[in-house]
Amino acid sequence: VLETLNIGMLKVKIRGITPLIVENWAVKTRQEMADKHMGVQTQTVLKARKPEEEAKEKLYLTSKGQYAFPASGLKKAMISACTSTNKAIRKNFLIQALHVMGTEGNLVVFDSPGYRVQEDIGRVGMNKTPRPIWRPVFDEWSCTFIIRYNKNIISPAQIVNILNLAGFAVGLCGWRVEESGQFGQFEVVASG
């Protein structure tokens, strides 16, 4: 007998332990990629770069101008953290067991007093030429979001545990722990 689907809603608040680097694709970069794939001839003109503007272009913003990041990043962090459970939770199981709900489309709004612009060296192009990149870094951040989950197969306590593991071992957004960085770590501070 197959049990009736029983959907639960879990409200979770996480707080950043380390700074968060957001890296949205700039509108200009997306257009250049689309033009290239559509066969549009473009002429590369080198212009003076503006660090503040480049960092601002990488923000995820809601229609109300609130800071955000993709909800899919939270779910991907939880799925990736399954590797650290010694096979107690399988990735495919977690993919089907829960869904992170964005507040506006796929975006989760987060609270922060603001960001600073950080300069790093990135490697771009086919030759991996080093060049400076500027990204927004949020030193303090927290967010509240909803997780829809299948109550028949996973509990709120398990969800909180896998979220805490994701915050410790994986992280969110740019230069996160999973990618040998030190950013994007978080912890659950409230759930219910």
Side-chain angles (χ1 to χ4, degrees), residues 1-25 58-113 115 135-192:
V1 175
L2 183 63
E3 292 182 24
T4 303
L5 183 62
N6 189 4
I7 301 295
M9 304 288 258
L10 180 65
K11 187 176 185 178
V12 180
K13 180 175 183 177
I14 61 172
R15 176 181 57 95
I17 297 171
T18 59
L20 182 72
I21 299 176
V22 293
E23 298 184 286
N24 193 8
W25 286 87
K58 292 180 178 158
L59 292 170
Y60 289 93
L61 297 172
T62 67
S63 59
K64 297 177 183 175
Q66 299 165 295
Y67 300 130
F69 58 78
S72 57
L74 273 166
K75 184 168 180 177
K76 287 177 183 177
M78 294 169 71
I79 292 165
S80 189
C82 288
T83 306
S84 298
T85 67
N86 200 17
K87 299 182 182 179
I89 296 181
R90 295 179 324 278
K91 290 181 178 185
N92 286 343
F93 167 82
L94 199 63
I95 288 169
Q96 296 177 6
L98 57 82
H99 305 288
V100 178
M101 307 306 293
T103 50
E104 186 174 309
N106 181 41
L107 295 177
V108 170
V109 173
F110 66 91
D111 297 317
S112 177
Y115 66 90
R135 299 179 288 188
V137 177
F138 295 87
D139 291 314
E140 295 177 34
W141 61 279
S142 65
C143 67
T144 302
F145 54 93
I146 303 290
I147 294 180
R148 291 181 68 223
Y149 66 100
N150 183 342
K151 292 172 87 171
N152 295 336
I153 61 174
I154 194 166
S155 71
Q158 289 173 311
I159 294 170
V160 168
N161 288 342
I162 196 74
L163 258 174
N164 275 323
L165 187 56
F168 173 79
V170 181
L172 289 171
C173 299
W175 205 16
R176 62 189 175 274
V177 177
E178 179 183 41
E179 301 293 332
S180 301
Q182 57 192 17
F183 293 86
Q185 288 183 293
F186 60 87
E187 64 183 353
V188 176
V189 293
S191 65

- request: Sort and list the pairs that fulfil side-chain hydrogen bond (donor to acceptor under 3.5 Å, both in side chains) and have at least one residue in residues 78-94, not counting sequence neighbours.
  value: Ser80-Glu178

- prompt: For Val22, does its backbone N or O pair with a side-chain atom of Lys58 as donor and acceptor, under 3.5 Å?
  reply: no

- request: Please round to the nearest 0.5 Å and tell me the distance separating atom CE of Met101 and atom NE2 of His99.
  value: 8.5 Å

- request: Using atom types as modelled and distance alone, determine if a side-chain donor or acceptor of Asn152 lies under 3.5 Å from a backbone N or O of Thr4.
  value: yes

- prompt: Is a side-chain N or O of Gln185 found less than 3.5 angstrom from the main chain of Phe168, in a donor-acceptor match?
  reply: yes

query: Donor-acceptor pair, Asn106 side chain versus Ser72 backbone, under 3.5 Å?
result: yes

field: Point-to-point distance, once rounded to the nearest 0.5 Å, from CH2 of Trp141 to CD1 of Ile17
entry: 8.5 Å

query: side-chain contact (heavy atoms from CB on, under 4.5 Å) with Leu20: which of Phe183, Tyr115, Phe110?
result: Phe110

- request: Considering non-hydrogen atoms only, spot the tightest contact between Pro156 and Tyr149 and give its length.
  value: CG-OH, 3.2 Å

message: I need the Gln66 CD to Asp111 CG distance, nearest 0.5 Å.
response: 8.5 Å

- prompt: Do Thr18 and Val177 touch side chain to side chain, with heavy atoms closer than 4.5 Å?
  reply: no

- prompt: Ala166 and Ala77: which non-hydrogen atoms are nearest, and at how many Å?
  reply: CB-O, 3.5 Å

query: Heavy atoms, side chains only, cut-off 4.5 Å: are Lys76 and Val170 in contact?
result: no

Atom pair CD1/CG of Ile159 and Leu94 - distance to nearest 0.5 Å: 8.0 Å

message: Testing the basics here: between Val108 and Gly102, what is the closest heavy-atom pair and its distance to 0.1 Å?
response: CG2-CA, 4.3 Å

message: So Met78 and Leu98, do their side chains get closer than 4.5 Å, heavy atoms only?
response: yes

- prompt: Mind checking whether Ile162 and Leu165 have side chains closer than 4.5 Å, heavy atoms only?
  reply: yes

- request: List for me each residue that meets salt bridge (charged side-chain N to carboxylate O under 4.0 Å, His left out) alongside Glu23, sequence neighbours excluded, and say none if there are none.
  value: Arg135

Ser112 side chain vs Glu140 backbone, donor-acceptor pair below 3.5 Å: yes

- prompt: Given side chains that start at C-beta, do those of Tyr67 and Val109 come closer than 4.5 Å, heavy atoms only?
  reply: no

message: Ignoring hydrogens, what is the shortest heavy-atom contact between Ala68 and Thr62? Give both atom names and the distance.
response: CB-CG2, 4.2 Å

- prompt: Should Phe69 and Cys143 count as side-chain neighbours, where that means a heavy-atom distance under 4.5 Å?
  reply: yes

field: Verdict with reasoning, Ile147 to Leu74, per side chain to side chain contact (heavy atoms under 4.5 Å, CB included)
entry: CA-CA 10 Å; Ile147 294 180; Leu74 273 166; over 6 Å; no

message: With a 4.5 Å cut-off on side-chain heavy atoms, are Phe145 and Thr103 touching?
response: no

field: Atom pair CG (Leu107) and CG (Leu61), whose distance is rounded to the nearest 0.5 Å
entry: 9.0 Å

